[in-house]
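Order of listing sets the numbers, starting from 1, for every ligand and every atom in it.
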Amino acid sequence: MSSIDHPFLADPRKKLLIDGQWVDAQSGRSFESRNPATGALLATIAEGDAADIDRAVAAARRAFESGPWPRFTPAERQAVLLRLADLLEARGESFARLDTLDMGAPIRRTRGAIGLLTGVLRYFAGLARAIEGSTPQPSMPDMFVATVKEPVGVCGAVIPWNGPLWASVLKVGPVLATGCTLVLKPAEDASLSPLMFGELCLEAGVPPGVINIVPGFGGTAGAALAAHLDVDKMSFTGSDATGRKIVQASAGNLKRLSLELGGKSPHIIFADADIAAAAPAAAIAAFGNSGQVCSAGTRLFVERAIAEEFAAEVARAAAAMRIGNGIEEDTDLGPLVSARQLARVVGYLDSAREEGAAAVCGGKQLTGDPWDAGFFVPPTVLTDVGDDMKVVREEVFGPVLSVLPFDTMEEVIGRANATPFGLGAGVWTREIGKAHAMGKALRAGSVWVNCYNTLDPAVPAGGYKASGYGREYGPNHLEEHLQTKSLWIRTA
Ligand code: ADP
């Protein structure tokens, strides 16, 4: 089977989904989508801009206020979500292949995500029927008060390219559960599975205008959505630099914001840890998805007594990872998503070298045949690094890990927290007291002890500090899509 042989690509001209219809961009413009492993052209995608965003927001507003959607009962919204989950499960392999072709992640990874994503939809299907207010008791006579939960309204979402289906599901699930409507702007580097997910929504019985999908570029379509005065809530997953722009753009109507931004997550290995388990976990934490993960464990703090041995173990695990085209079953690490990302990662490798870091493995872009057709960087373990080096402070978003020896728990807590970010943190120890102390001291939205990057539909995930506002997954995620109205009724 040729790598671009995919049913969704049989017609390689892709359109925008607005008001239940597949339409061209008003400008008539389009952009190309290419496979980052081979450079092959996959599709030509209608390029939405501010005019198309306007049209999509108007459709989302109409669908929110009139038509069938506002009359859907919780049970009907639940049924839609359950149908969507069943359809996603049935087409899981097709989605996995499409994401792999479009953004390069290994097929075992994209396939492995399907179970979590169907779980997310089923979890939100459950919550759709559990939305309830309360009846507070004011200290005054003759007054009945009820809090009523209402959908926040028209939502906008801008998503990244590192998990396109993943992000689409996380944005669509709570919107459908709460009765909101959505305009979703996929990343220009990975729009295909969001579009195919749009097809699935229509097939699942989502009414026209409830889910609109407008691919296009960040500075045009994305910025127009973030600034739109008729969008009630904006959800963004991506870099902190773009997150800051979204915050500014939101000021026009002070729309509600959820932001899931970057990280520079500490992964801390105490000398008493189960080293045989921790070393491969540290490699996956840093190199999974070629490091293109917001919560990648990129600052590996290792207790000094075992630091050298542990770095060698991680380098061995890295060396065992097979790099290649993600569509091949045995690939562990695919390409970076784009030439731009490649240039960015290579820039960080250069700066690390200039600042005196040593690469235990990796350290340079792979070149020659077949690497030149794509954007490949091998897993890189850096030693001789200091906390103040650029590669240690900034998010690289590539397969680059820095090993940082430490001596005491107090010291490592201070160093781990000395970052503007706070998305995730990992700790490996067999001592229960240490596990609790670290769990309390680390300032991050998720702290994983003797595991890393575990996710579940029921468990909130999100950022402290500059890693974002709000939480995804869990009941908090639903709450972000709800308004609370206090209804006061004088009873006498
Ligand atoms: P990267 O630079 O790695 O692509 P970004 O955070 O810039 O990461 O991209 C994530 C998403 O943000 C993409 O969908 C992109 O189109 C979008 N985006 C980029 N710039 C803006 C902007 N100014 N306003 C809104 N969205 C943007």
Side-chain angles (χ1 to χ4, degrees), residues 16 25 29 31-34 36 45-50 52-54 56-57 99 102-105 155-168 170-171 182-195 197 212-228 231 233-252 255 257-264 289-296 335-348 375 377 394-400 421 423 463 466-469:
L16 320 174
R29 279 207 300 271
F31 64 101
E32 289 183 342
S33 170
R34 290 183 178 273
I45 302 171
E47 181 193 325
D49 63 19
D52 306 288
I53 291 289
D54 263 349
V57 171
D99 263 358
D102 202 14
M103 51 68 69
C155 299
V158 170
I159 60 172
W161 41 262
N162 62 337
L165 175 67
W166 199 307
S168 304
L170 279 176
K171 305 307 176 194
L182 177 69
V183 177
L184 175 75
K185 209 283 298 166
E188 49 273 44
D189 287 325
S191 302
L192 295 175
S193 68
L195 290 169
F197 193 62
N212 306 275
I213 304 189
V214 183
F217 290 89
T220 50
L225 185 57
H228 206 290
V231 170
K233 172 192 189 291
M234 185 72 197
S235 170
F236 172 71
T237 304
S239 64
D240 61 303
T242 303
R244 287 184 168 82
K245 291 185 190 159
I246 302 262
V247 171
Q248 282 162 357
S250 73
K255 59 176 66 65
L257 285 185
S258 312
L259 304 174
E260 210 268 64
L261 307 177
K264 194 71 197 178
N289 212 19
S290 296
Q292 303 168 123
V293 175
C294 317
S295 50
L336 299 177
V337 74
S338 63
R340 191 163 67 95
Q341 275 306 117
L342 175 67
R344 179 188 157 92
V345 173
V346 167
Y348 277 105
F375 314 115
V377 172
E394 298 179 12
E395 184 172 44
V396 176
F397 232 60
V400 183
F421 298 112
L423 196 57
S467 290
Y469 307 162

J.: Which option, Pro164, Pro215, Gly218, owns the non-hydrogen atom nearest atom 27 (C) of ligand 1?
T.: Gly218
J.: Which atoms of ligand 1 sit under 4.0 Å from any heavy atom of Ala223?
T.: 24 (N), 25 (C)
J.: Among all the protein's non-hydrogen atoms, which is closest to atom 15 (C) of ligand 1, and how far away is it?
T.: Glu188 OE1, 3.4 Å
J.: Give me the nearest non-hydrogen protein atom to atom 1 (P) of ligand 1 as residue plus atom name, then the distance to 0.1 Å.
T.: Arg340 NH2, 3.5 Å
J.: For the backbone of Met103 and the side chain of Asp189, can you confirm whether one donor and one acceptor N or O come within less than 3.5 Å of each other?
T.: no
J.: Shortest non-hydrogen contact from Phe397 to Val345?
T.: O-CG2, 3.8 Å
J.: How far is atom 3 (O) of ligand 1 from its nearest protein heavy atom, and which residue and atom name does that atom have?
T.: Trp161 NE1, 3.4 Å
J.: Is it the case that Ser193 and Asp102 place a side-chain donor and acceptor less than 3.5 Å from each other?
T.: no
J.: Quick test: of every protein heavy atom, which one is nearest to atom 23 (N) of ligand 1, and how far off is it to 0.1 Å?
T.: Lys245 CD, 3.6 Å
J.: With a 3.5 Å distance limit and no angle check, can you tell me whether Glu395 reaches the backbone of Gly263 through a side-chain donor-acceptor pair?
T.: yes
J.: Could you tell me which atoms of ligand 1, counted from 1 in the order shown, lie closer than 4.0 angstrom to a heavy atom of Ile246?
T.: 25 (C)
J.: At a non-hydrogen distance cut-off of under 4.0 Å, which region of Phe397 contacts ligand 1 (side chain, backbone, both, or neither)?
T.: neither
J.: Looking only at protein heavy atoms, which one is nearest to atom 17 (C) of ligand 1, and how far off is it?
T.: Val158 CG1, 3.5 Å
J.: For atom 25 (C) of ligand 1, which protein heavy atom lies nearest, and how many Å away is it?
T.: Gly222 C, 3.2 Å
J.: Counting each atom of ligand 1 from 1 as listed, which ones have a heavy atom of Lys185 under 4.0 Å away?
T.: 13 (C), 14 (O), 15 (C), 16 (O)
J.: Say whether, by atom type as modelled, one donor and one acceptor occur between the side chain of Lys185 and the main chain of Ile53 under 3.5 angstrom.
T.: no
J.: Can you name the nearest heavy-atom pair linking Phe236 to Gly243, along with the distance?
T.: CE2-N, 3.6 Å
J.: Report, one line per pair, each donor and acceptor closer than 3.5 Å where one atom sits in a side chain of residues 212-225; sequence neighbours left out.
T.:
unit_1: Asn212; atom_1: OD1; unit_2: Asp19; atom_2: N; d: 2.8
unit_1: Asn212; atom_1: ND2; unit_2: Leu182; atom_2: O; d: 3.1
unit_1: Asn212; atom_1: ND2; unit_2: Gly209; atom_2: O; d: 2.8
unit_1: Thr220; atom_1: OG1; unit_2: Phe217; atom_2: O; d: 3.3

J.: Which ligand 1 atoms does Gly238 reach within 4.0 Å, using its non-hydrogen atoms?
T.: 6 (O)
J.: Compare every heavy atom of His228 with every heavy atom of Val57, then report the nearest pair and how far apart it is.
T.: CG1-CE1, 3.6 Å
J.: Taking the side chain as everything from C-beta on, heavy atoms only, tell me whether Leu184 gets closer than 4.5 Å to Phe197.
T.: no
J.: Output the list of atoms in ligand 1 that are nearer than 4.0 Å to some heavy atom of Ala187, sorted by atom number.
T.: 13 (C), 14 (O)
J.: Lys171 side chain to Val158 main-chain N or O, any donor-acceptor pair under 3.5 Å?
T.: no
J.: For atom 13 (C) of ligand 1, which of the options Thr242, Leu184, Ile159, Asp240 provides the nearest non-hydrogen atom?
T.: Ile159
J.: Identify which one of Leu423, Asp240, Leu259 satisfies the side chain to side chain contact (heavy atoms under 4.5 Å, CB included) criterion when paired with Ser467.
T.: Leu423
J.: Taking only heavy atoms of Gln341 into account, list the atoms of ligand 1 that are under 4.0 Å away from them.
T.: 3 (O)
J.: Can you tell me which portion of Ala226 lies within the under-4.0 Å heavy-atom range of ligand 1? Options are side chain, backbone, both, or neither.
T.: neither
J.: Please state which protein non-hydrogen atom is closest to atom 8 (O) of ligand 1 and give its distance, to 0.1 Å?
T.: Ser239 OG, 3.9 Å
J.: Under 4.0 Å from ligand 1, counting heavy atoms only, is it the side chain of Pro186, its backbone, both or neither?
T.: backbone
